[in-house]
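What follows is a short report on a single structure.
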Amino acid sequence: MKAVLVLFDSLNRHMLGCYGGTRVPTPNFDRLARRAVRYDNHYVGSLPCMPARRDLLTGRLSFLHRSWGPMEPFDDAFPEILAKETGTYSHLVTDHFHYWEDGGATYHTRYDSHEFIRGQEGDPWKAMVQPHWERLREKYHTRQFVQARRTYKAHNIINREFIKDEKDFPSVQCVAAGLDFLQRNGSAENWVLQIETFDPHEPFHAPARFREKFPTDYRGPVLDWPRYGRVDELPEECEELRANYYAVMALCDHLLGQVLDEFDRQDLWKDTALIVTTDHGFLLGEHDFWAKNRMNIYQEVAHIPLLVHDPRHPAAPGESCAALTQTMDIAVTMLDLFGLAPKPAMEGIALRVAREGTQPREAMIFGYFGGAVNVTDGRFTYHRYPPDLKRQEIYQYTVMPTHIASLFSPEELAGARLAGPLPFTKGAKVMQLPVLERSAFQEKYGPGCLLEDETRLYDLLADPGQANPLQDAAAEARMAALMARLMAANHAPPEAFARLGLTAP
């Protein structure tokens with residue numbers, strides 16, 4: 001068996017032609033959908049970027065115990081399991097620079113080898129001690145220009161001075177490196193290749209030939225990086241931001257087409273699995289918001305695409321699967337492809353099993369650490385917040401105390417207690433660390449950053465746009481019971497129930 005996982009970041013399901021999208025032509029996503037299984041009820045788990053990847057590698061949810069952080073010593077990572085138990089070689093090609101920050105630095109080393117393409121977003125790549133700040137200030141919109149060092153936007157401004165031609169774009173180089181692996185190793189047996197690009201994550205920077213397809217009336221400086229928050233831009237600025245996202249979507253479709261061409265050239269379809277998905281979606285003005293992290297986890301963010309070709313059971317033309325599936329199913333699926341059963345701590349279900357309908361899910365939970373816990377059964381979504389986001393008892397459980405781009409502070413560590421072992425830590429005790437108001441986590445991604453905190457129930461059949469919260473006590477009670485049961489199955493700590501006013505079953 002051989003397998004290729006193509007992972008995008010912030011790829012909007014509802015914009016893909018195979019899922020009914022019409023704004024951006026996506027001929028290659030549609031091309032894959034004609035010979036793969038299209039999973040129609042695929043959802044996120046832990047959010048955002050690196051929490052999602054921890055779910056993807058380990059096959060279990062992490063957001064009830066931990067915010068953005070590294071892989072833990074007790075985590076089961078599918079590339080390591082495959083290497084140990086089947087001798088399967090794994091290779092990661094990525095331009096996703098979060099893997100090289102404090103909060104992601106133990107992920108890429110789980111693979112046998114890895115290749116990192118530099119230059120995306122805030123990657124601290126090129127060194128310019130004295131940039132021509134005044135020239136650069138004129139080039140970028142005031143909301144996008146930042147001169148302060150050690151910030152993503154300042155790094156990005158400098159990086160883009162070195163990204164001129166299409167061949168310079170990180171995602172273009174990333175897929176080229178993945179194709180190089182396939183051309184060198186396609187005839188070999190027993191390997192996994194993960195091609196992972198940061199695109200279409202913001203900033204929405206694409207080569208000119210893709211951008212030209214989406215003209216706007218905007219005539220100002222570069223504007224391709226929306227704020228995380230409520231929409232307050234001028235209409236022409238909003239259209240410019242959206243058009244730049246569409247351009248990167250078109251680039252992603254083109255790059256996927258290159259992978260499909262290589263599958264055709266080598267006829268890899270006969271013996272190589274291909275999985276294409278993303279970590280989460282991205283709001284482009286829906287619900288009057290940009291981005292993610294600051295608002296309720298609406299369908300545009302939570303409901304994500306998944307296309308799977310399994311050479312053991314080729315799809316019928318245009319086949320779809322309505323089963324409830326989730327990011328953590330990828331790890332279990334990777335093991336299943338190579339004949340292995342999931343590890344005891346894994347909660348995922350192999351996508352083959354979901355497709356066969358032999359192990360149906362009743363519901364799934366998802367969320368950000370410290371925010372709402374969200375549950376869906378495919379018909380309803382229920383988003384339950386604590387009464388006061390800024391005054392709640394929550395703890396991080398870890399032996400790897402780092403945030404996204406910093407270490408835990410001495411102040412945070414001063415409150416540490418030893419807890420456990422927890423049911424999934426293989427006998428290891430962990431630090432129980434209180435979440436402080438002054439934490440780096442709170443400043444960037446914590447509950448203190450949320451702009452919405454209203455518990456809501458939506459009926460997706462009657463209200464697919466989630467515009468009108470439903471008032472139905474019986475339905476809410478049923479969804480709350482599902483939520484509590486799934487939290488208990490994940491071994492959520494007692495305070496996770498208490499903060500939401502739920503009773504652990």
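R227 meets the side-chain hydrogen bond (donor to acceptor under 3.5 Å, both in side chains) test with D232; sequence neighbours excluded.
R485 and E362 are joined by a salt bridge, as a carboxylate oxygen and a charged side-chain nitrogen come within less than 4.0 angstrom of each other. Electrostatic pairing of D310 and R355 does not count as a salt bridge here, judged by no charged N lying under 4.0 Å from a carboxylate O.
For Y111 and H114, the distance between ring centers is not under 6.0 angstrom. Outside the 6.0 Å centre-distance limit, the rings of H141 and W225 are not counted as a close aromatic pair. Checked against a 6.0 Å centroid threshold, the rings of F408 and H403 count as neighbours. Aromatic pair F198/H98: ring centres closer than 6.0 Å.
For the pairing with D224, the side-chain contact (heavy atoms from CB on, under 4.5 Å) check across E240, H205, E202 returns one residue only, H205. Checking each of Y19, Y39, Y43 against H303 for a ring-ring contact (aromatic ring centres under 6.0 Å, His included) leaves exactly one that passes, namely Y43. None of F441, Y397, Y395 except one satisfies the ring-ring contact (aromatic ring centres under 6.0 Å, His included) rule with F369; the exception is F441.
Inspection of the D95 and Q120 side chains reveals an N or O donor paired with an N or O acceptor under 3.5 Å.
One distance of note links CG of L500 with OH of Y385; it measures 11.0 Å at 0.5 Å rounding.
No donor-acceptor pair closer than 3.5 Å links the side chain of T277 to the backbone N or O of L306.
Taking the six-membered ring where the residue is Trp, F282 and F204 present perpendicular rings, their angle passing 60° and hence far from 30°.
Heavy atoms only, all atoms of each residue included: L482 and A363 are closest at CD1-CB, 3.9 Å. The nearest pair of heavy atoms linking L64 to A492 is CD1-CB, 3.8 Å. In plain terms, the two heavy atoms of C449 and Q442 that are nearest each other are SG-O, 2.9 Å.
Applying the salt bridge (charged side-chain N to carboxylate O under 4.0 Å, His left out) rule to pairs touching residues 41-67 yields D9-R53, R53-E196, R53-D279, R54-D75, R66-E72, sequence neighbours excluded.
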Listing, residues 340-349 side-chain donor-acceptor contacts under 3.5 Å, not counting sequence neighbours, or none:
residue: K343; atom: NZ; partner: E85; partner atom: OE2; Å: 2.4
residue: E347; atom: OE1; partner: L61; partner atom: N; Å: 2.8
residue: E347; atom: OE1; partner: N490; partner atom: ND2; Å: 2.9
residue: E347; atom: OE2; partner: N490; partner atom: ND2; Å: 3.0

